[in-house]
Amino acid sequence: MFQKILVANRGEIAVRIIRTLRELNIRSATVYSDIDRPSLHVARADEAYRIGPGPSAESYLRIDRVIDTAKRAGADAIHPGYGFLAENSDFARAAADAGITFIGPSPEAMDMMGNKVAARRCMVERDVPVIPGTGEPVESAEEAARQAEAVGYPVMLKAAAGGGGKGIRVIHEKEELSSALERTRSEAAKAFGDDTIFLEKYIENPRHIEVQILGDGHGNVIYLGERECSVQRRFQKLIEECPSAAVDESLRRRLGETAVEAARAVSYEGAGTVEFVMGKDRKFYFLEMNTRLQVEHPVTELTTGIDLVREQILVASGEKIGRKQEEIHLRGHAMEFRINAEDPSSGFLPSAGRVSNMHLPQGPGVRNDAGFYAGYDVPTIYDPLLAKLIVWAENRDLCIARSRRALHEYSIKGLRHNLAFHTWTLRQEAFIRGEYDTHFIDDSFRPEMLKPAGTEEDLARIAAVIRAWLDRDRMEITDGPARGPWRWVARREGIGGK
Amino acid sequence: MFQKILVANRGEIAVRIIRTLRELNIRSATVYSDIDRPSLHVARADEAYRIGPGPSAESYLRIDRVIDTAKRAGADAIHPGYGFLAENSDFARAAADAGITFIGPSPEAMDMMGNKVAARRCMVERDVPVIPGTGEPVESAEEAARQAEAVGYPVMLKAAAGGGGKGIRVIHEKEELSSALERTRSEAAKAFGDDTIFLEKYIENPRHIEVQILGDGHGNVIYLGERECSVQRRFQKLIEECPSAAVDESLRRRLGETAVEAARAVSYEGAGTVEFVMGKDRKFYFLEMNTRLQVEHPVTELTTGIDLVREQILVASGEKIGRKQEEIHLRGHAMEFRINAEDPSSGFLPSAGRVSNMHLPQGPGVRNDAGFYAGYDVPTIYDPLLAKLIVWAENRDLCIARSRRALHEYSIKGLRHNLAFHTWTLRQEAFIRGEYDTHFIDDSFRPEMLKPAGTEEDLARIAAVIRAWLDRDRMEITDGPARGPWRWVARREGIGGK
Amino acid sequence: MLYHTTLNGEKKKVEIENAGVGRYRMRIDERSFDVDCRFLSDGLYLSLLIDSASYTVETRRAKRPGVWVTRFGGDYLDVTVRDDLEERAAARREEEVAGGPAVLMSPMPGVVVKLSVSEGDLVEEGETVAVVEAMKMQNELGAPRSGRVASIVVTVGEALETRSPIATIEPVEEGE
Amino acid sequence: MLYHTTLNGEKKKVEIENAGVGRYRMRIDERSFDVDCRFLSDGLYLSLLIDSASYTVETRRAKRPGVWVTRFGGDYLDVTVRDDLEERAAARREEEVAGGPAVLMSPMPGVVVKLSVSEGDLVEEGETVAVVEAMKMQNELGAPRSGRVASIVVTVGEALETRSPIATIEPVEEGE
């Protein structure tokens, strides 16, 4: 077993990995940029090493510095977390060259899955279903028509250089195809300087379903249930569930076995995720494989009872997976809410600043994976994920009820965040019924929906008025301890004030 | 289903019950004494009613006021929590008279189990094993000798008026008995003004094992595994586990079925706990039945996945238990640590004062049931339980490792607490092996053991010196925000200070 | 004392009397309430009992004068609370502003990655004026009012602080 | 600068030099350390990197002068830190106190439920002098030193504050 592991990441995921290292009695080392010196992962690790200035390109993304730090610290393995260098095969190779174990799959598996065209080809060879389409650029209108006929309408035209929902056009009928191709091509040329177009089947009401898999170096691969990740805003996941409301036992088995087949195709070692898109007909297609721990891995941990970071480390140290497929059981239901420093009432603009106070929810079924603390200055140069709230309950309905309760308890003061957005989502009929797809948020969320009406209006007035009233009496009560006469009164009554 | 429930309690258990009420969409009302106006349960409830001055005899123990408040609030049920009026059958009767459902068993069941002699007799009738002994006072030395012979040495002489370990004498050999009886009797007369003495078999290396049961008004009773509660200091439980390291599957079934039999004897409705003492020969004997929710119920919740407060409410509303015995499975291992405001380094003296800051542990497998918050003034007039840390993991060894990690993260500033005691316990070989009994703490804990030696000494010196150093520079840093030059320096470097 | 309050555009008058330490008697329309009010966590949260209903409230001053952002449970509300004097001052201020130019300011620190309009362009309220990158996200900033872009005071690549001005939009006269 | 430190009864001298903002160079015996030191949570916690080893430290002044209670992880340590001047003053103080009487004080607020000794009794250090009830628990308070009970200043039933005096124990001369 490893003696010391370098956690080459920051924020909530670094803190989460350090927790498991402590439980395994493995010494944890981590890296930090100048701006991250007061970050939680530095305080929680056993050792911490400066790695460069704030911008990630000069610190967390510097392969040379991370490897040098691992050597200097005497680490025998590196855990990359997610993001930054987690899916960089050069990094994995550099670690191997330095004689340090990279906790993840082989560089070859990373390269294969990192190349979309190659990955698709590899899946087709293994009979893993991919979205019917060309896989090659469309050269002419005739060819487009022929292919569209083959895969069946509706189809989608996709600019090769597009992404994030841009350069896409959906065609429902044969008659539209030829002119749509022309328009998509000319728009792509204008927008991206590249008019290469692919054609594929358009999946209606698509759900984003992914399967957690775990492989070892001894030929064992198992799946650990699916995750439903269709609550997205502009392709950013916001809420994830395990299990999916759209998946039953037999579908779960088929998804799982397909994911295992995909992983076997690249002799996958470690924890990985196979992403599928699933249509309303419950047919599913391979999208891509993420060769790392996912942000949303805790929902799988809560339903399977398995610590995925622990499994990653055991497998990387050469151990066999200690459990068989038939020993994996999902129990209850889990949901993860990503708590971001962004303001849903004004277009999800990022927010930054000092967390003046916070209160995390507690009690039955509540797990917090947080990367911040009261007094922390949230920097603007990294991603806005402050923390994850993960909730478990006996079934999906109870999990929704418990999540509402937990969000009700959650408080972060000092900067804008998206707690109110999650509360909104939990009130939506589509979400409650479990009948939603990846368009759900973009189609139905409007910022003004965050302002509720009802009897609480009166109460809000009252509260605000009291504040004004107190303020008038020279009671300084914003952003700091109560001072002045109120404090004195409080003491006299024995309820506060030292 | 109920529309509104009065939670007739305070502290962590009131907060915990209110959480489940919110999840069930039942309106919560609670009561508070004057000193509890700023307590967490008042802030978390939907409604809160003043019930009298601080001392419990004038507030939380006043049946009349609690019932009046329930009526005034329009509550259709009362949840008593634990302690205070939870096992008071007069209170249960008063609630019934007022047309309000008491969430608990019938007053008759409470009375029967509240009377030790009657409960013992009732158990004997049902073939539930009780500790072999007289059950009646010992009148003479001859009778004592005869009974001791019958139950087998060692035996215990117990003053009827004793309790909490006082007025007890263990006799290992026949020759000692007669003089021991004399001495015990005269001591009892002196100490308690009552020289009534019972004789019973002395259980060596006793473990305190209890079984959670759940009954409904339709004749169904199930058991939900056992709890190991042998980590006690002077009869106060400090750490509880589920399952017990001393109980295997077949013993679990026998314990469970015996507990169900005990509950059936009094037609038990609701959640209850049957307490057993178990010797090193794994024979177990009925001690008593607690006719309420236990402090340590969360370890059962984490391993069975069942919300016991929810079940209490459903059963009280007339529903049948929705699950069969064979559907109850324990998964993994859970431990609960009682976080008390008492100082283990000076004889567990109670502490009180303002919580100047706190940090609860988070991450995988950690549940916090807390009744306090940063800024809260812990009153001295109620029990010292501030919070419970409950930890779950896949098995007992991992649970110990995770508990150590969680305690490492836990911080409470401003008053003394017993976190260091729990850390100590987790280092003891007897605890790690699971081979301990109720004498464990009293026999092996010494306050000076909390002061560790080792390399951290040097570091502690360094830290302390730095503090002194900073202090010398007129930096006011105790118990409040950093001020003065340090703050200015921090700002210049962009690491702190608004 | 009488206060003018606005919530979600609706105005109401609220009357408040002191009724003991931390206690108030309030009237809104024909309804009246008893309020018991205590600070928790050294003044960071307010515990209210309004006719026995319990609320834990977070509230902070917004940038705009007289406005408080208040949270009950999961919901956030912007509430304006002004006394007579402040109410009259606010009314005067609003009159002056209504016909004048509006300044688009950056809501967070970031870098200008795109300017979508040029000086002199006509824009609708909400139409994208600039794109600012912060926390690896591109954020489209819309015009604060409809009108003509009077000036743009930043260039692509420039780093902005919170509330750095980006552009001024001036009203366009009817029939212009 | 040189400091006299005591931990678990063991005394050591520690030398500290400033080495930049929040940075120190320290020497204990023959070992030396680089220390990087930052406050977290507005000064409530101290994050230390000592030759890259990371510690989050809580510390507070104890009642006794120069003593700090310091926590690393789950452990609490009492450390005395004094400069030359303070060290000499402390030594003088200790000399004066050693032969004098000691006062038993209540460590918490509570009510006296029992007095186990009378004035004039001889007691051993740690022997129970009084029982004080607080938080529903009975707490036995032991003699702070061996000697004779010189005075008892409370009665059963009396309510005590933290540090209320209960009794004074004076030393007994050898051979007395």
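Chain identifiers are assigned alphabetically (A, B, ...) following the order of the sequence lines, protein sequences preceding nucleic acid strands; residue numbering begins at 1 within each chain.
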- Task: Report, as yes or no, whether the 6.0 Å neighbourhood of atom CZ on D:Arg25 holds more than 12 heavy atoms from other residues, nucleotides or ligands.
- Result: yes
- B:Ile381 CD1 to D:Glu133 CD distance, which is reported to the nearest 0.5 Å: 12.0 Å
- Note on the structure: Rounded to the nearest 0.5 Å, the CG atom of D:Asn139 sits from the CD atom of B:Glu342 at a distance of 8.5 Å
- If you take all heavy atoms of D:Tyr45 and B:Met358, which pair is closest and at what distance? OH-C, 4.1 Å
- Mind listing the closest non-hydrogen atom pair of B:Pro350 and D:Ala134 along with its distance? CG-O, 3.5 Å
- Hey, which of B:Glu409, B:Gln236, B:Arg404, B:His417 has the most heavy atom pairs under 4.5 Å with chain D? B:His417
- Given that the side chain runs from C-beta out, which part of B:Ser351 has a heavy atom under 4.5 Å from chain D: side chain, backbone, both or neither? backbone
- Query: For B:His359, is it the side chain, the backbone, both or neither that has a heavy atom under 4.5 Å from a heavy atom of chain D?
  - Reply: both
- Item | B:Leu349 and D:Leu141: CA distance, side-chain angles, deciding distance, side-chain contact (heavy atoms from CB on, under 4.5 Å) verdict | CA-CA 9 Å; B:Leu349 287 176; D:Leu141 304 185; 4.0 Å; yes
